[in-house]
Amino acid sequence: MTTIPFLDLKAAYVEAKADVDAAIARVLDSGWYILGAEVDAFEAEYAAYCGAAHCVGLANGLDALHLALRALGVGAGDEVIVPSNTYIATWLAVSQCGATPVPVEPDARTYNLDPARIEAALTARTKAILPVHLYGQPADMDAIMALARRHGLVVLEDAAQAHGAACKGRRVGAHGDAVAWSFYPGKNLGAYGDAGAVTTNDPVIADRLRVLRNYGSRVKYVNEMQGWNSRLDPLQAAALRAKLAYLDAWNARRAALAAAYGEALAGADIVLPHVPAWAAPAWHLYVVRVADRERVQQRLAAHGIGTLIHYPIPPHRQAAYADCGYAPGSLPLAESMAGDVLSLPMGPHLDPAAIDTIARALRND
Ligand SMILES: *Cc1c(COP(=O)(O)O)cnc(C)c1O
């Protein structure tokens, strides 16, 4: 039986091994293990890659979202517009500020925040909009920014799945007031452990984040506020610098695989991803929607094909948000997606020849 893993992280390491090993050795040899030159260099290089003026390295993607919201002035009593269909981190970041996540249902075809639905969810307490570039496909940032400016709101993008994605020819990284990144190992740009960052064009937000991530301190042992310890690790920064050189080539392989899936699955009774003409997705995930998902997933597993579900339970139906009192059916689009989405194998080290095998197993022929 062939084995087609959902994602082959080891193969990615093997391809970049010489560069990654040298980068890690450089940090070990330097004798400097918190912040410093390696983190500074990654920040400069990643900001340039994204077309942003600043990048601040943080410990993980959740902290990037949470601390960026604080740097943008979100706090107790505020409301933040979030997608109903996202990873729970998007909501948790809002809750960690003492603010309330206000879910808005997605566009039924792109699965991203629907600008037309945001307006109805705004109240006098709304402070920010937090679009997610879900599965690596950019949200409609022009429409979201126009709406935000009209209502005096700030915008934080959750770009944890969108390294290298572009919106109307411009890379994700500085459309909104701030952009939060995760470098969790399985992301398109992944570290060897937890890592995250925020990019922004605003020097004040970048400066606040540098203080927030380091105990509220700018000068050692002088604490101007009650901050956090959420610094990007230099070992991870060095590895990320090495891997950034591979990102565009690896994303191109993902795009070719997505195109091959589209061809191989055309005409099947499966809902394929819909990409607007202005969007260049990073193809973090290739998500289809199928009837009778459990049986399909088992059939693929029987062929040695790994699949995952992103995500099986939407945030509003999690025990973590039980006290918000969302009844079943209250956010029907998010709930119907949770019931039928299926993520097919996707990654720069997936053999293009596997697409045919996967498509045949999916079509059951
Ligand atoms: C991965 C992810 C996060 C969280 O990132 P961590 O680094 O795991 O904290 C947040 N939002 C989305 C959409 C993600 O996919």
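For ligands, and for the atoms within them, numbers begin at 1 and follow the listed sequence.
- The closest donor-acceptor contact from the side chain of Arg213 to the backbone of Asn229 lies at 3.5 Å or more, if one exists at all.
- With respect to Asn112, the side-chain contact (heavy atoms from CB on, under 4.5 Å) criterion is satisfied by exactly one of Ile144, Thr86, Leu134: Leu134.
- Within the 6.0 Å centre-distance limit, the rings of Tyr46 and Phe183 are counted as a close aromatic pair.
- Proximity of the aromatic rings of Tyr321 and Tyr326 is defined here by a centroid distance below 6.0 angstrom, and this criterion is not met.
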Could you list each N/O atom of ligand 1 together with any protein N/O atom closer than 3.5 Å, one pair per line with the distance?
{"from": "ligand 1", "atom 1": "5 (O)", "to": "Ser182", "atom 2": "OG", "distance (Å)": "3.2"}
{"from": "ligand 1", "atom 1": "7 (O)", "to": "Gly61", "atom 2": "N", "distance (Å)": "2.8"}
{"from": "ligand 1", "atom 1": "7 (O)", "to": "Ser182", "atom 2": "OG", "distance (Å)": "2.6"}
{"from": "ligand 1", "atom 1": "9 (O)", "to": "Gly61", "atom 2": "N", "distance (Å)": "3.3"}
{"from": "ligand 1", "atom 1": "9 (O)", "to": "Leu62", "atom 2": "N", "distance (Å)": "2.9"}
{"from": "ligand 1", "atom 1": "11 (N)", "to": "Asp158", "atom 2": "OD1", "distance (Å)": "3.3"}
{"from": "ligand 1", "atom 1": "11 (N)", "to": "Asp158", "atom 2": "OD2", "distance (Å)": "2.8"}
{"from": "ligand 1", "atom 1": "15 (O)", "to": "Gln161", "atom 2": "NE2", "distance (Å)": "2.8"}
{"from": "ligand 1", "atom 1": "15 (O)", "to": "Lys187", "atom 2": "NZ", "distance (Å)": "2.7"}

I'd like to know whether Asp177 forms a side-chain contact (heavy atoms from CB on, under 4.5 Å) with Asp202, so could you lay out the CA-CA distance, the side-chain angles of the two residues, the decisive distance to 0.1 Å, and finally the verdict.
CA-CA 7 Å; Asp177 297 290; Asp202 188 333; 5.9 Å; no

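- In this model, a donor atom of one side chain and an acceptor atom of the other lie less than 3.5 Å apart for Asp19 and Tyr246.
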